[in-house]
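Protein chains get the first letters and strands the later ones, always in sequence-line order, with residue 1 at the start of each. Keep in mind the model is a prediction, meaning the values are calculated, not measured.
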Amino acid sequence: MGRSATTKDAHALFHSLRSAYAATPNHLKIIDLYILFAVATAVIQVAYMAIVGSFPFNSFLSGVLSCVGTAVLAVSLRIQVNKDNKEFKDLPPERAFADFVLCNLVLHLVIINFLG
Amino acid sequence: MAAQETSQSAIFRHAFGNVLSFTVLLLIGVMAFSIRLFSVIKYESVIHEFDPYFNYRVTQFLTKSGVYDFWNWFDDRTWYPLGRVIGGTVYPGLTLTAGTLWRILNSINIPLSVETVCVFTAPVFSAFASWATYLLTKEIKGAGAGLTAAALLAMVPSYISRSVAGSYDNEAVAIFALIFTFYLYIKTLNTGSLFYATLNAIAYFYMVCSWGGYTFIINLIPMHVLLCIVTGRYSPRLYIAYAPLVVLGTLLAALVPVVGFNAVMTSEHFASFLVFIIIHVVALVYYIKGILTPQMFKVAVTLVVSVGMVLCFAVLAVLIALVASSPTKGWSGRSLSLLDPTYASKYIPIIASVSEHQPPTWPSYFMDINVLAFLVPAGIIACFLPLSDASSFAVLYIVTSVYFSGVMVRLMLVLAPAACIMSGIALSEAFDVFTRSIKFHLVGTTQNPQENAGDATKVTQNDVKSEKSEDTVKERSSRKSKKKDKENIEKPSLVSRVEKRLLVLPLETSVMAVFLVVLLGAFYVVHCVWAAAEAYSAPSIVLTSRSHDGLHVFDDFREAYAWLSHNTEVDDKVASWWDYGYQTTAMANRTVIVDNNTWNNTHIATVGTALSSPEKAAWDIFNSLDVKYVLVVFGGLVGYPSDDINKFLWMVRIGGGVFPHIKEPDYLRDGQYRIDSQATPTMLNCLMYKLSYYRFVETDGRGYDKVRNTEIGKKHFKLNHFEEVFTTHHWMVRIYKLKSPRNRIRGKTKRSKSKSGTSKRSTRKKNPWQ
């Protein structure tokens, strides 16, 4: 009895999440897809490290942190571009994207240096 | 018409304010630079102390050989025969900064020597630090507080002590980097701009390059983020301020060779990762809360909490097991000695022996931050009205830095910027109240209703609970007590609930209070200038003393190093206690056995054992290390208290920690350390005693030691295995040479050697290291 209630709740939750997410604009969904891709790449790298070993450690670190870094920066971009965020309504999306590109540039410069 | 006039006057006032701020900041920078020049005026433009000599030598190498050679430098002139990987064990920020400055100045044809650039780097960066304090405090409270805080930081004695002209040490640039990183963090938090987040990461990188104290930043910022989350102040700006900093900051920290993989593997950084995970969870929760309806959200919470809790516990258990498996729980020795102040004295005598690592005394607080010590509580209260993210950060900063300054006197330096910020806020708020009262009384209510309508006039009261604005009697009595006792400025301030009734102080009170606050500032300035001139300007490589027949200058250290560099071979090894290692390599240019880096405890213990052993055993140890000369510092003739005999017990302790045949009680008579006739035979026969007091009785006939205030125990003795080659003018530095072993072994030893040719056991000398 309790279990079916929880499964019913889970189903209802899943449906409402799905419908709410479908309402988000397309450009935000593209950013979400990019974030998902970055995290998936990081997971694959960690799995590979678990199989093969962590030498050279700096390459592993720079690879994983580049994926995590781009994911974090993409989340920041999404926050700044999202029209529902009242704090950022004065920020033009071009400026947000330019900041995103600059930060990515610095991140990848460091990654390339650290990759060895 | 009227609107245009007011807007024009507003623009004019705005412009005038900007020009005034700029002029004041320029003057603050000039003052910060000039107040640190006392040592150059009183002595000369010379590098002070011990550590700066190492930095100076590294900078010399950098300017001569270039960045690539510096990055890969393996130094074989220290820690003989181990050597030291300079590229991998030094924080390169300071040297690279000074090297860049020198290169730029030389390229525009200002031919300053490397030494001049090194000596004046610290005052220049202290001017930058005061400007950074202005920026940081402006973000927290406003421009007025910023200017006050900048002026206070330019003069605060604790910062002067580590950044005086000639003190070429890491803290000179590191404090500027610290304040600047905090400023960029607060700026990102206030604006939510990813551009400032990038700059923040780059400033953090500069901080990691400069000083080991960067762990303070990488633990304070996560603590602040956690505080904001827990007090319900999570916002997207917080995420943008924190998450990119962690990723970029970890990567940039791993780039610096000194830190390397410690950036992800030591406990000092785990707090940042933990809060990184927490902030992602919180961000996700807020996002889901935003897109779901409230009852659906409740369902989601119950579902997730039940499943997630089990997962959380499992992960936590694994983590705890991992961390607990290492004996120090993953923390390094220095960090552990900060968290547990008794750790160093129990386990790491080298860290415990450094005088900078002792806890400070109460007078040192008033010496180092003076008036700020009791302005800080007022500032903390002012930060709570109103509480913003930035002001909560300032409060957290002052609280943690007060704790750490209580553990180690060296960390008073980290307290100084926090104290200046808080005091600047307090003074600025106080001035606001007084000047508003004066303005109100002089100008009247009719002319400025627009400004004061939205104003929250503050009323100073004794009691927080009584929020009634009719308590004028109480206010007056509190103000009277303020007149009598000008140090009681820490009264809680309240926001007046009624905007229409402007509560201001009477005119005379405000004028008097302004005068008294200015007087307080004057006392502070007088103290700071005195501290800078008298207490913190000694280069410690040149000593002076005044007596009835004028000024005596003791330049013995440089005399000894110059003698060494002129009268010994380039490859000769010099043994001394580790205090003098950096100076010997930098000024005398000779290879040393141990130096101030103290990275190898066993090597230092070897030298300590040699100095505590009798002559023959000491000769054996030094001979095995290829040592040619031994250098001791002796202050008994002139009364110099920081000589080797006073440090001798530490040598015994450190040596005894590794070689158990050296026992400290052997050198003490009834638990007392003495060198007179009541001293133990072990003490009177050890090498340190003999090298310090050899021929000392010839100076005054009695051998009276002016530091220990007694006549020495053994007065007439000969040295069999060492010969004295140089003693400086005031007997402060004494250099001895190891005598070469005898050409032929005569007497009993030779006969027994020929009898039992192969069995060398009986004639084998006892291994002095066991």
Side-chain angles (χ1 to χ4, degrees), chain A residues 5-24 32 54 57-58 60-62 64-73 75-80 82 84-88 90-91 95-111 113-114, chain B residues 188 190-202 205 235-257 260-261 263-265 273 276 279-280 283-284 286-304 306-307:
Chain A
T6 13
T7 44
K8 236 174 56 168
D9 280 339
H11 274 294
L13 177 68
F14 188 61
H15 277 298
S16 65
L17 265 176
R18 212 165 168 194
S19 58
Y21 188 69
T24 56
D32 289 341
S54 69
F57 193 58
N58 56 320
F60 163 68
L61 255 187
S62 73
V64 169
L65 282 179
S66 86
C67 295
V68 174
T70 50
V72 163
L73 291 176
V75 171
S76 311
L77 177 69
R78 188 188 197 280
I79 290 173
Q80 288 184 328
N82 196 353
D84 294 335
N85 273 337
K86 283 169 275 313
E87 286 178 359
F88 292 104
D90 299 331
L91 188 71
R95 166 73 197 266
F97 188 69
D99 287 343
F100 171 72
V101 166
L102 175 72
C103 209
N104 262 319
L105 216 64
V106 173
L107 175 70
H108 286 95
L109 205 66
V110 178
I111 299 283
N113 193 3
F114 197 49
Chain B
T188 320
N190 280 345
T191 59
S193 152
L194 204 56
F195 172 66
Y196 281 109
T198 320
L199 288 182
N200 187 17
I202 296 177
F205 174 52
S235 67
R237 292 171 288 118
L238 190 70
Y239 180 85
I240 294 179
Y242 184 63
L245 173 69
V246 169
V247 180
L248 261 179
T250 310
L251 266 172
L252 286 166
L255 269 185
V256 182
F261 296 147
V264 291
M265 301 218 290
F273 300 142
F276 186 65
I279 201 176
H280 275 95
L284 194 66
Y286 270 85
Y287 172 67
I288 297 205
K289 192 166 176 185
I291 62 173
L292 284 183
T293 57
Q295 63 263 54
M296 272 287 109
F297 181 65
K298 252 188 243 161
V299 168
V301 166
T302 43
L303 213 68
V304 165
S306 49
V307 168

### Heavy-atom side-chain contact between B/Ile288 and A/Leu17 under 4.5 Å
yes

### When B/Ala201, B/Ala243, B/Ala263, B/Pro236 are compared by non-hydrogen pairs under 4.5 Å with chain A, the top option
B/Pro236

#### Entry: Contact leader toward chain A among B/Leu251, B/Val247, B/Leu248, where contacts are heavy-atom pairs under 4.5 Å
B/Leu251

### Query
For B/Phe273, does the CZ atom sit with more than 12 other heavy atoms under 6.0 Å from it, leaving out its own atoms?
yes

Toward chain A, the part of [X] with a non-hydrogen atom under 4.5 Å:
X        : value
B/Val246 : neither
B/Tyr242 : neither
B/Tyr287 : side chain
B/Thr191 : backbone

### Query
For A/Ile111 and A/Ser66, which heavy atoms make the closest approach, and how far apart are they?
CD1-CB, 3.3 Å

#### Entry: side-chain hydrogen bond (donor to acceptor under 3.5 Å, both in side chains) involving B/His280 - partner list, sequence neighbours excluded
B/Tyr239

#### Entry: Residue list, side chain to side chain contact (heavy atoms under 4.5 Å, CB included) with A/His108, at least two apart or on another chain
A/Thr70, A/Asn104

Please flag which part of [X] lies under 4.5 Å from any non-hydrogen atom of chain B: side chain, backbone, both or neither.
X       : answer
A/Thr24 : side chain
A/Phe14 : neither
A/Leu91 : neither
A/Asn58 : both

### Task
Give me the one residue out of A/Asp84, A/Asn85, A/Asp90 that meets side-chain contact (heavy atoms from CB on, under 4.5 Å) with A/Phe88.
A/Asn85

### Query
What is the distance from atom OG1 of B/Thr250 to atom CG of A/Leu61, rounded to the nearest 0.5 Å?
9.0 Å

### Query
chain B: which of A/Ser19, A/Ser16, A/Ala23, A/Ser62 shares the most heavy-atom pairs with it under 4.5 Å?
A/Ser16

### Task
Using the side chain to side chain donor-acceptor pair (under 3.5 Å) rule, take A/Tyr21 and A/Asp32 through it: C-alpha gap first, then chi angles, then the decisive distance, then the call.
CA-CA 11 Å; A/Tyr21 188 69; A/Asp32 289 341; 2.6 Å; yes

